[in-house]
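Hydrogens, waters and symmetry mates are skipped; everything else that's a heavy atom, side chains included, is used. Fair warning: this is a prediction, and the values are worked out from it, not measured in the lab.
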Amino acid sequence: EAQVTQNPRYLITVTGKKLTVTCSQNMNHEYMSWYRQDPGLGLRQIYYSMNVEVTDKGDVPEGYKVSRKEKRNFPLILESPSPNQTSLYFCASSFEQGPQETQYFGPGTRLLVL
Amino acid sequence: AQKVTQAQTEISVVEKEDVTLDCVYETRDTTYYLFWYKQPPSGELVFLIRRNSFDEQNEISGRYSWNFQKSTSSFNFTITASQVVDSAVYFCALSEAGNRDDKIIFGKGTRLHILP
């Protein structure tokens, strides 16, 4: 089954304690991306990756790091989380076939930073 | 700078009515992509469509249709004969650059209520 998995699904942590949210896809997609969703602010892109070892900043990259060492994984790293990073996070992967594109989203990770 | 405006914050219609969700975008690029996404009450995100700026043909997929008009910088989404399962928040989005090597910007979303 084609899917994007994220772990953990829920996380409560404290300010400053490094954490990683994993994202994995089993579809051999080249493009992967991270988003955060906040009430009133909607969806915002954090980082994206066009392929292995190719990453770039989205709209709100501050406070986040990513890596793309292999095609299937795209972890989101919060080196020193702060309360303003409390949010719902989505990972996504996509592929293009000619003019068409198909995107798949993970189920989301709800993060609370105290 | 790119910008996406979904002026309708919330819409309620009775089941079986047609409904159109508006999306107006701003970009200085001539090459860009437009997207629509659905987020039902369960919270997951569902990709609906991507449209290239060079392709102004309208798209129809079942009860869903999209009207792309460059002249008005709009990419509107219509649901025909709406159903309760269409109740969701719908997001429009824009990505500049033709080969997707640029960030994506979302509108604030339109919350659609389909009343039985």
Side-chain angles (χ1 to χ4, degrees), chain A residues 2-6 9-10 23 25 27 29-51 54-62 64 66 68 87-111, chain B residues 1-10 21 23 25 27 31-59 61 66 68 88-111:
Chain A
Q3 61 180 357
V4 177
T5 56
Q6 293 179 230
R9 294 288 313 280
Y10 305 91
C23 174
Q25 50 98 359
M27 297 164 280
H29 290 170
E30 292 183 348
Y31 187 96
M32 296 186 74
S33 186
W34 275 103
Y35 305 92
R36 61 178 289 176
Q37 185 174 23
D38 304 286
L41 296 175
L43 281 160
R44 293 176 293 170
Q45 189 180 45
I46 303 170
Y47 267 96
Y48 61 97
S49 171
M50 298 293 290
N51 211 327
V54 180
T55 63
D56 211 340
K57 296 176 181 177
D59 204 27
V60 288
E62 297 77 21
Y64 303 95
V66 293
R68 188 90 183 273
S87 188
L88 176 59
Y89 291 88
F90 289 99
C91 179
S93 73
S94 66
F95 79 100
E96 289 184 312
Q97 198 165 24
Q100 303 298 325
E101 173 173 331
T102 304
Q103 295 182 18
Y104 295 81
F105 284 88
T109 294
R110 196 168 288 279
L111 172 64
Chain B
Q2 54 188 23
K3 184 179 177 182
V4 177
T5 301
Q6 294 180 256
Q8 305 149 308
T9 306
E10 203 157 342
L21 309 182
C23 174
Y25 62 92
T27 177
T31 304
Y32 50 89
Y33 287 110
L34 296 162
F35 307 80
W36 275 96
Y37 301 87
K38 174 182 180 180
Q39 188 173 39
S42 50
E44 73 268 26
L45 279 168
V46 178
F47 167 79
L48 296 177
I49 191 172
R50 180 188 82 170
R51 174 63 73 208
N52 183 299
S53 57
F54 293 117
D55 182 2
E56 283 194 78
Q57 277 194 334
N58 290 337
E59 176 92 12
S61 176
W66 290 269
F68 175 30
V89 179
Y90 291 87
F91 295 96
C92 180
L94 164 71
S95 176
E96 294 176 335
N99 54 352
R100 286 287 261 121
D101 61 353
D102 206 345
K103 60 186 179 184
I104 184 169
I105 299 292
F106 291 84
K108 292 286 187 340
T110 297
R111 185 175 298 276

Roughly how far apart are [X] [atom1] and [Y] [atom2], rounded to 0.5 Å?
{"X": "B/Lys108", "Y": "A/Leu41", "atom1": "NZ", "atom2": "CG", "value": "6.5 Å"}
{"X": "B/Ser95", "Y": "A/Gln45", "atom1": "OG", "atom2": "CD", "value": "7.5 Å"}
{"X": "B/Arg51", "Y": "A/Gln100", "atom1": "CZ", "atom2": "CD", "value": "7.0 Å"}

Worksheet item: Which pair of non-hydrogen atoms, one from A/Gln37 and one from B/Phe91, has the smallest distance, and what is that distance?
Response: NE2-CZ, 3.5 Å
Practice prompt. Would you indicate whether B/Gln57, at its atom CD, is surrounded by more than 12 heavy atoms from other residues, nucleotides or ligands within a distance under 6.0 Å?
Written response: no
Worksheet item: Are any of the side-chain heavy atoms of A/Phe105 and B/Gln39 separated by less than 4.5 Å?
Response: no
Worksheet item: Is the shortest heavy-atom distance from the side chain of B/Ile104 to the side chain of A/Tyr35 under 4.5 Å?
Response: yes
Response to the item:
By side-chain contact (heavy atoms from CB on, under 4.5 Å), A/Arg9 pairs with (sequence neighbours left out) A/Pro107
Item to complete: Sort B/Leu45 into side chain, backbone, both or neither according to what part of it lies under 4.5 angstrom from a heavy atom of chain A.
Response: both
Item to complete: Sort and list the pairs that fulfil salt bridge (Lys or Arg N to Asp or Glu O under 4.0 Å) and have at least one residue in residues 33-42 of chain A, not counting sequence neighbours.
Response: A/Arg36-A/Asp38, A/Asp38-A/Arg44
Practice prompt. Return yes if a side-chain donor-acceptor contact under 3.5 Å exists between A/Gln103 and B/Tyr37, otherwise no.
Written response: yes
Discussion item. If you apply the rule side chain to side chain contact (heavy atoms under 4.5 Å, CB included), what do you find for B/Phe35 with A/Glu101, and how did you get there?
Written reply: CA-CA 10 Å; B/Phe35 307 80; A/Glu101 173 173 331; 4.0 Å; yes
